[in-house]
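Working notes, beginning with the structure itself.
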Amino acid sequence: MGPHPAVAAIRLAVRRVLHDVVTEYNRHTEQAARAEFAEAGAGGRRSALPERPETPLVLVACSGGADSMALASALAFEARKLPVRAGGITVDHALQPGSGLRADEVVVRLAEMRLDPVEAVAVRVGRDGGPEAAARDARYAALDDAADRHGAAAVLLGHTRDDQAETVLLGLARGSGIRSLSGMAAATGRYRRPFLQLDRQTARKACLVQSIPVWDDPHNIDPAYTRSRLRHEGLPALEKALGKGVVEALARTAQLSRDDADALDTWATEAARSVRDDDGRLECSKLSVLPPAVRRRVLRRAVIDAGSPAGSLFARHIEEVDRLITGWRGQGAINLPGRVEVRRQGGRLVIRQS
């Protein structure tokens with residue numbers, strides 16, 4: 001008799017990701033070995049870089065909630081059958097009384113799953129961007145640091161299809177464009193999200209049938225947080241009005257939007273090379289003939305490269321810059337986040353950080 005369907009589902013999702021990680025790791029190891037061999041053959045000195053371990057280390061980011069505990073259990077199970085080392089990291093945001101003790105409990109549970117290394121990392125959450133964004137920034141900074149210290153090839157995150165649906169709706173509410181509607185990527189750099197095709201109930205059921213204790217973060221039901229209100233009020237209201245299947249449809253929209261956004265980004269990257277003068281400045285006449293979606297991407301990338309932080313740059317900012325091209329009336333400079341200034345001068349856009 002096989003495992004419960006929920007357990008089988010989470011294990012399969014993690015197995016697929018681990019196969020990808022191992023394949024990518026081996027390819028990079030082989031490329032590095034060839035490069036070093038070629039360098040030695042050409043009479044150069046051998047690299048002083050440390051030897052890469054034979055098997056990649058994969059860390060799971062675990063809060064102690066059902067999604068991440070299910071992910072940790074699946075990683076522990078699958079790693080024993082593959083050339084993979086598995087560890088776990090829990091981040092203590094210090095936002096609630098007793099958070100340090102809970103982090104220690106998570107470390108014990110991860111160690112009981114035979115994950116190694118395991119550790120709890122305490123962070124200080126700032127205020128920039130609001131409490132949710134600030135906590136997220138602190139968390140990812142801690143995960144990046146842990147991954148670097150341990151030499152991890154990948155970090156697994158427990159986001160589910162329900163999280164993806166919420167992310168799409170939040171992007172829609174902000175009016176941030178198709179990239180925002182594309183939600184979370186299954187893979188971004190070292191980060192992997194194996195559960196994006198699984199619902200939250202599957203992860204919770206997997207924990208239940210395996211008798212894995214989970215912690216329910218009270219912030220997840222606190223109406224002070226936008227995502228919490230969306231989860232407990234917004235999405236249920238949509239399903240009541242539109243019928244079941246809203247979450248699945250939103251997750252599907254995310255994937256379709258991501259495909260379109262990736263294609264437009266590629267187009268914009270190619271177009272950006274053809275709209276600059278010999279000094280590298282953007283020529284307004286050439287920009288004006290580009291499709292709006294491509295032109296705005298070229299502009300967004302240009303101002304980010306000049307120093308404007310991507311997280312603070314919204315559609316309205318790019319629209320103001322775009323009007324220097326499409327609605328030129330001699331208006332003055334546009335001031336953007338990060339002290340970046342954009343002005344039109346001599347038919348070119350001058351973008352600089354003050």
- Message: Quick test of your reading of the model: are Glu78 and Lys81 salt-bridged, counting only N-O distances below 4.0 Å?
- Response: yes

- Is there a donor-acceptor pair under 3.5 Å between the side chain of Ser228 and the backbone N or O of Asp222? yes

- Enumerate the residue pairs fulfilling side-chain hydrogen bond (donor to acceptor under 3.5 Å, both in side chains) with a member in residues 98-110, sequence neighbours excluded, ordered by first and then second residue. Asp92-Ser99, Gln96-Arg102

- Query: Given the rule in the side chain to side chain donor-acceptor pair (under 3.5 Å) test, do Thr202 and Arg161 qualify, once you have shown the distances and angles that lead to the verdict?
  - Reply: CA-CA 10 Å; Thr202 297; Arg161 187 168 62 194; over 6 Å; no

- Query: Is a side-chain donor or acceptor of Glu320 paired with a backbone partner of Ile334 at a separation under 3.5 angstrom?
  - Reply: no

- Taking all atoms of both residues into account, what is the closest heavy-atom pair of Glu54 and Tyr25, and its distance? O-CE2, 3.9 Å

- With the side chain counted from C-beta on, respond yes when Arg227 and Thr167 share a heavy-atom pair under 4.5 Å apart, and no when they do not. yes

- Query: With hydrophobic residues grouped by side-chain heavy-atom distances under 4.5 Å, do Phe77 and Val17 end up in a single group?
  - Reply: no

- Query: Between Thr326 and Asp322, is there a donor-acceptor pair closer than 3.5 Å when you use the side chain of the first and the backbone of the second?
  - Reply: yes

- Query: If you draw a 6.0 Å radius around CZ in Arg114, do more than 12 non-hydrogen atoms from other residues or ligands fall strictly inside?
  - Reply: no

- Task: Please check if the side chain of Asp279 supplies one atom and the backbone of Arg281 the other of a donor-acceptor pair under 3.5 Å.
- Result: no

- Hey, are Asn26 and Thr29 close enough side-chain-wise for a donor-acceptor pair under 3.5 Å? no

- Message: Is it the case that over 12 heavy atoms from other parts of the model lie below 6.0 angstrom from the CG atom of Asp278?
- Response: no

- Query: Is the shortest distance from a Lys or Arg side-chain nitrogen in Arg34 or Glu30 to a carboxylate oxygen in the other one below 4.0 Å?
  - Reply: yes

- Query: Do Asp260 and Ser257 have side-chain N/O donor and acceptor atoms under 3.5 Å apart?
  - Reply: no

- Asp163 with Arg200: basic N within carboxylate O range, under 4.0 Å: yes

- Do Ile318 and Ile351 sit in the same hydrophobic cluster, where Ile, Leu, Val, Met, Phe, Trp and Tyr count as joined when their side-chain heavy atoms come under 4.5 Å apart? yes

- Query: Counting only heavy atoms not in Arg27, do more than 12 sit closer than 6.0 Å to its CZ atom?
  - Reply: yes

- Might you work through the side chain to side chain donor-acceptor pair (under 3.5 Å) test for Thr23 and Asp20, ending with a clear yes or no? CA-CA 5 Å; Thr23 299; Asp20 291 343; 5.6 Å; no

- Message: Checking His150 against Glu119: is there a side-chain donor and acceptor pair closer than 3.5 Å?
- Response: yes

- Task: Side-chain contact test, heavy atoms from C-beta onward, threshold under 4.5 Å: evaluate it for Val58 versus Leu18 and give yes or no.
- Result: yes

- Query: Hey, is CG on Leu256 packed in by over 12 heavy atoms from elsewhere, all under 6.0 Å?
  - Reply: yes

- Rounded to the nearest 0.5 angstrom, the CE-SG distance for Met69 and Cys62 is 5.0 Å

- Count the heavy atoms of every other residue, nucleotide or ligand shown that sit under 6.0 Å from CZ of Arg229, and state whether that count exceeds 12. yes

- Taking 4.0 angstrom as the limit, do Asp265 and Arg179 come out as a salt bridge? yes

- Is the shortest heavy-atom distance from the side chain of Arg85 to the side chain of Asp116 under 4.5 Å? no

- What heavy-atom pair brings Val106 and Gly64 nearest, and what distance separates the two atoms? CG2-CA, 3.8 Å

- Message: Quick check: closest heavy atoms across Val22 and Val84, and the distance to 0.1 Å?
- Response: CG2-CG2, 3.3 Å

- Could you walk me through whether Val121 and Thr90 pass side chain to side chain contact (heavy atoms under 4.5 Å, CB included), step by step? CA-CA 6 Å; Val121 180; Thr90 186; over 6 Å; no

- Does one hydrophobic cluster hold both Leu242 and Leu230, with members joined at side-chain heavy-atom distances below 4.5 Å? yes

- Query: Atom CG of Leu59 and atom CZ of Arg190: how far apart are they, to the nearest 0.5 Å?
  - Reply: 9.0 Å

- Salt bridge or not for Arg276 and Glu283, using N-O below 4.0 Å? no

- Query: Minimum heavy-atom separation for Ile10 to Ala70, with atom names?
  - Reply: CD1-O, 3.5 Å

- Hey, what do you get for CG (Asp217) to NE2 (His93), rounding to the nearest 0.5 Å? 9.0 Å

- Message: Donor-acceptor check, side chain of Arg329 to backbone of Gly327, threshold 3.5 angstrom: yes or no?
- Response: yes

- Query: Just how far is it from atom CG of Leu156 to atom CZ of Arg192, taken to the nearest 0.5 Å?
  - Reply: 8.5 Å

- Item | For Gly87 against Leu57, the heavy-atom pair lying closest together | N-CD1, 4.0 Å

- Message: Quick check: do Ile89 and Val60 have side-chain heavy atoms less than 4.5 Å from each other?
- Response: no

- Query: Taking atom CG of Leu282 and atom CG of Leu324, what is their separation to the nearest 0.5 Å?
  - Reply: 11.5 Å

- Is the shortest heavy-atom distance from the side chain of Asp162 to the side chain of Leu235 under 4.5 Å? no

- Message: Measuring from atom OG1 of Thr253 to atom CG of Leu172, what distance do you get when rounded to the nearest 0.5 angstrom?
- Response: 9.5 Å

- Query: Less than 4.5 Å apart, any side-chain heavy atom of Leu336 and any of Val321?
  - Reply: yes

- Under 3.5 Å, is there a donor-acceptor pair between the side chain of His317 and the main chain of Arg300? no

- Item | Check against side chain to side chain contact (heavy atoms under 4.5 Å, CB included), Val123 and Arg139 | CA-CA 7 Å; Val123 298; Arg139 180 166 60 253; over 6 Å; no

- Item | Ser73 side chain reached by Met113 side chain, heavy atoms, under 4.5 Å | yes

- Message: Does either side chain, that of Asp259 or that of Gln255, offer a donor lying less than 3.5 Å from an acceptor on the other one?
- Response: yes

- Message: If hydrophobic clusters are built by linking Ile, Leu, Val, Met, Phe, Trp and Tyr wherever their side-chain heavy atoms come under 4.5 Å apart, do Ile212 and Leu75 end up in the same one?
- Response: yes

- Task: List the steps and the verdict of side chain to side chain contact (heavy atoms under 4.5 Å, CB included) for Ile325 and Leu349.
- Result: CA-CA 9 Å; Ile325 302 163; Leu349 290 186; 4.0 Å; yes

- Query: Do Arg344 side-chain atoms and Gly330 backbone N/O form a donor-acceptor pair below 3.5 Å?
  - Reply: no

- Message: If only side-chain N and O atoms count, and only distance matters, is there a donor-acceptor pair under 3.5 Å linking Asp144 with Tyr191?
- Response: yes

- Message: Whether Glu341 and Arg343 form a salt bridge (side-chain N of Lys/Arg under 4.0 Å from carboxylate O of Asp/Glu) is what I want to check.
- Response: yes

- Task: For Glu166 and Arg231, run side chain to side chain contact (heavy atoms under 4.5 Å, CB included): C-alpha distance rounded to whole Å, both residues' side-chain angles, the deciding distance at 0.1 Å, then the answer.
- Result: CA-CA 7 Å; Glu166 294 161 7; Arg231 179 175 301 174; 2.9 Å; yes

- Query: Tell me, do Val118 and Leu115 make a side-chain contact under 4.5 Å, heavy atoms counted?
  - Reply: yes

- Note on the structure: Here the pair of heavy atoms bringing Trp267 nearest to Pro291 is CH2-CG, 3.7 Å

- Query: Hey, any chance Leu181 and Leu238 share a hydrophobic cluster, counting ILVMFWY side chains that come within less than 4.5 Å of each other, even indirectly?
  - Reply: yes

